[in-house]
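The figures here come from the full heavy-atom set of this structure, side chains too, leaving out hydrogens, waters and symmetry mates.
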Amino acid sequence: MHGIFINYRKEGGAYAAALLDELLSRRFGQDQVFRAAKSIPPGSEYSDAIRVAVMKCAVMLVVIDEGWVEYFEREVCNPSVGKGWVAEEIKVAIKSDRILIPVLLTGVKFPTVGRLPKEVSRVAGLQYLRFDYRNTRQDVEFMSEWIVSLCPKIQRIRDESG
């Protein structure tokens, strides 16, 4: 089971998601962090793997990048046509009562409820964490402390110098 699920858009948050994955995996172990590009084995049914991973995770990190709100406004959120997995993952997490933590990237303004579709508008009401390219280690350390605090079953395998 992956304790931490990283939700991100390929169009804007993929590099930040990959870096978060790397840094969090160092702290919690590879098996504790799910990122679709890394965690779904070749030949697996993508939609099933995503839904199962979301339902089994303890916490979902929602990476909010430049263009995230506009992604929803363009109404391209339709997983049946190969788009919209960001929204679908969030909807499944909400239905599965998972902890969602918005992660705001450098320079991005936090979304307002009125600009998001009803199914994902809950994200706009949640306290967020920052992930700034100038402070990646500090931000991930702070994030890690919150993850352990909110989800005690997710334990660190290394200290911050590891």
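The closest side-chain heavy-atom distance from E89 to R51 is not below 4.5 Å. Under the 4.5 Å side-chain criterion, counting only non-hydrogen atoms from C-beta, F5 is not in contact with V59. No side-chain heavy atom of L19 sits less than 4.5 Å from a side-chain heavy atom of V140. Side-chain contact between I64 and L105 is absent, with no heavy-atom pair separated by less than 4.5 Å. No side-chain heavy atom of Y8 sits under 4.5 Å from any side-chain heavy atom of V86. Side-chain contact check for W68 versus V62: some heavy-atom pair is nearer than 4.5 Å. Side-chain contact between I99 and C151 is present, with at least one heavy-atom pair separated by less than 4.5 Å.
Taking the six-membered ring where the residue is Trp, H2 and F34 present perpendicular rings, their angle passing 60° and hence far from 30°.
Here I94 contributes atom CD1 and S121 contributes atom OG; the two are 7.5 Å apart, rounded to the nearest 0.5 Å. With rounding to the nearest 0.5 angstrom, the CD1 atom of I4 is 7.0 Å from the OG atom of S144. Rounded to the nearest 0.5 angstrom, R134 CZ and D139 CG are separated by 10.0 Å. The distance from atom OG1 of T136 to atom CD of E22, rounded to the nearest 0.5 Å, is 11.5 Å. Atom-to-atom distance recorded for I147:CD1 and L61:CG is 5.0 Å, nearest 0.5 angstrom. Once rounded to the nearest 0.5 Å, the distance linking CD1 of I50 with OG of S44 reads 10.5 Å.
Screening Q155, Q32, E141 against R27 for a side-chain hydrogen bond (donor to acceptor under 3.5 Å, both in side chains) leaves a single residue, E141. A side-chain contact (heavy atoms from CB on, under 4.5 Å) with V63 holds for exactly one of L104, L20, N7; it is L20.
Under the 4.5 Å side-chain contact rule for hydrophobic residues, V113 and I90 do not share a cluster. Clustering ILVMFWY residues whenever any of their side-chain heavy atoms sit less than 4.5 angstrom apart, transitively, puts Y133 in a cluster other than the one holding L24. One hydrophobic cluster holds both I101 and V148 under the rule that ILVMFWY side chains link at heavy-atom gaps under 4.5 Å.
With sequence neighbours excluded, no residue forms a side chain to side chain donor-acceptor pair (under 3.5 Å) with Q127. Under the salt bridge (charged side-chain N to carboxylate O under 4.0 Å, His left out) criterion, D21 pairs with R35, K38, not counting sequence neighbours. Scanning for side chain to side chain contact (heavy atoms under 4.5 Å, CB included) contacts around Y15 gives an empty result, with sequence neighbours left out. Looking at residues two or more places apart in sequence or on another chain, you find no side chain to side chain donor-acceptor pair (under 3.5 Å) involving N135.
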Apply the test side chain to side chain contact (heavy atoms under 4.5 Å, CB included) to residues V103 and Y128: give CA-CA distance (whole Å), side-chain angles for both, the deciding distance (0.1 Å), then the verdict.
CA-CA 6 Å; V103 176; Y128 63 88; over 6 Å; no
Which is it for S47 and E45 under the side-chain hydrogen bond (donor to acceptor under 3.5 Å, both in side chains) test, yes or no, and what are the steps along the way?
CA-CA 6 Å; S47 60; E45 174 61 41; 3.1 Å; yes
Derivation of the salt bridge (Lys or Arg N to Asp or Glu O under 4.0 Å) call for R130 and D132
CA-CA 6 Å; R130 292 193 181 276; D132 188 299; over 6 Å; no
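Residues A124 and F110 come closest through the heavy atom pair O-CE2, 3.2 Å. Across all non-hydrogen atoms, the minimal contact from V69 to P111 is CG2-CB, 3.4 Å. Closest approach of A87 to Y71, counting heavy atoms only: N-OH, 4.3 Å.
For residues 93-114, the set of pairs meeting the side chain to side chain donor-acceptor pair (under 3.5 Å) definition, not counting sequence neighbours, is empty. Every pair passing salt bridge (Lys or Arg N to Asp or Glu O under 4.0 Å) that includes a residue from residues 112-127 is listed here, sequence neighbours excluded: E70-R115, E73-R115.
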